[in-house]
Amino acid sequence: MRPFILADNQYITREGIFSLLKQLFITETIVEVSHRKALMEKLAIYPDAVVVLDYTLFDFSDVQMMNMNQRYRNSLWLLFSDELSKHFMRQVLTSGQQFGIVMKTDSKSDIVTALKDAACGEAYLCDTAVQVLREGVPSQSVSDKLTASERSVLHEIALGKTTKEIALDQNLSFHTINTHRKNIFRKLEVNNVHEAIKYAIRAGIIDSSEYYI
């Protein structure tokens, strides 16, 4: 039986998955981690582990995650989140690497099936992930998706500024900048700053030489 690494910084989620694994009699090796360094340490010990990961809450970029998956080729990653962008799901599912996807909003039976498949070395795909694979790549250009204000906020984010700092610089409220930030992520279909900045570089919103995060 494969060992399981529960990589989620929410205690209640780790406990929930642990409980389901116990019900499936998968209890031989289950370890919990809440940050990237601990995950790397555990993968070095258990290179063939199933990593149950909430990517949207963890402290690394998609590139770092893909590199870790590539480094530990015998591992299988089950992405388990409230929401994942279509762009991100399409990226991991077409990478040729071992990724399964199940959503926290899926039924208990779906989540149990995903864990069973992972324990057997199979990558489970939920209905949302299957639908993403069936869809074509969006044709709308990045620059057309954002308003001038959103482009400006994204530029400042890429420079490493916090929401509070951007609000002060632009003489706007924290709430307004935070709303812009949420709209940027939604429109670009990204989960985190790293993905948004990659879009910004491609769209010419920021020059790669300015980006230092």
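- Taking every heavy atom of both residues into account, Q98 and G121 meet most closely at NE2-O, 3.6 Å.
- At least one donor-acceptor pair under 3.5 Å links the side chain of E165 to the backbone N or O of T162.
- Annotation: F4 is not in aromatic contact with F18 [ring centroid separation under 6.0 Å not met].
- Of the inter-residue distances, the one linking F99 atom CZ with M65 atom CE reads 4.0 Å to the nearest 0.5 angstrom.
- Judged purely by distance below 3.5 Å, without hydrogens or angles, the side chains of T113 and D110 never pair a donor atom with an acceptor atom.
- Taking CE from M68 and CG from L53, the interatomic distance works out to 9.0 Å, rounded to the nearest 0.5 Å.
- Within a 6.0 Å radius of CD in E83, other residues, nucleotides and ligands contribute 12 heavy atoms or fewer.
- Put simply, CG on L125 and CG on L93 are 5.5 Å apart, with the number rounded to the nearest 0.5 Å.
- Residue pairs meeting the salt bridge (charged side-chain N to carboxylate O under 4.0 Å, His left out) criterion with at least one member in residues 21-38, sequence neighbours excluded: R14-E32.
- With rounding to the nearest 0.5 angstrom, the CD1 atom of I166 is 11.0 Å from the NE2 atom of H155.
- By the 4.5 Å heavy-atom criterion applied to side chains, L39 and V51 are counted as neighbours.
- Taking 4.0 Å as the cut-off between side-chain N and carboxylate O, D169 and K161 count as a salt-bridged pair.
- Here the side chain of D8 pairs no donor or acceptor atom with the backbone of Y11 at under 3.5 angstrom.
- Looking at D106, its side chain does come within 3.5 Å of a backbone N or O of M103 through a donor-acceptor pair.
- Note that CG of L43 is 4.0 Å distant from CD1 of I5, once rounded to the nearest 0.5 Å.
- Applying the side-chain hydrogen bond (donor to acceptor under 3.5 Å, both in side chains) test between S81 and each of N191, T105, D54 identifies D54 as the sole match.
- A salt bridge is absent between R73 and D48: the closest approach of a Lys/Arg side-chain nitrogen to an acidic carboxylate oxygen does not fall below 4.0 angstrom.
- For K104, the NZ atom is densely surrounded, since the number of other residues' heavy atoms within 6.0 Å is greater than 12.
- Side-chain polar atoms of T147 and S149 form no donor-acceptor pair below 3.5 angstrom.
- Side chain of S34 to backbone of N9: no donor-acceptor contact under 3.5 angstrom is found.
- Looking only at side-chain heavy atoms (C-beta outward), L20 and I26 stay at 4.5 Å or farther from each other.
- Between the side chains of S152 and Q170, at least one donor N or O sits under 3.5 Å from an acceptor N or O.
- With respect to M89, the side-chain contact (heavy atoms from CB on, under 4.5 Å) criterion is satisfied by exactly one of T94, T128, L79: T128.
- Put simply, the side chain of T179 gets close to the backbone of H175: a donor and an acceptor are under 3.5 Å apart.
- Dense packing is recorded around NZ of K187, with more than 12 heavy atoms of other residues, nucleotides or ligands lying under 6.0 Å away.
- Residues meeting the ring-ring contact (aromatic ring centres under 6.0 Å, His included) test with Y124, sequence neighbours left out: none.
- Residues V190 and F88 are not in side-chain contact: their nearest non-hydrogen atoms beyond the backbone lie 4.5 Å or more apart.
- A single hydrophobic cluster is not seen to contain both L168 and I157; linkage of ILVMFWY side chains at heavy-atom distances under 4.5 Å, directly or through other members, places them apart.
- One finds the CG atom of N69 at 5.0 Å from the OG atom of S75 (value rounded to the nearest 0.5 Å).
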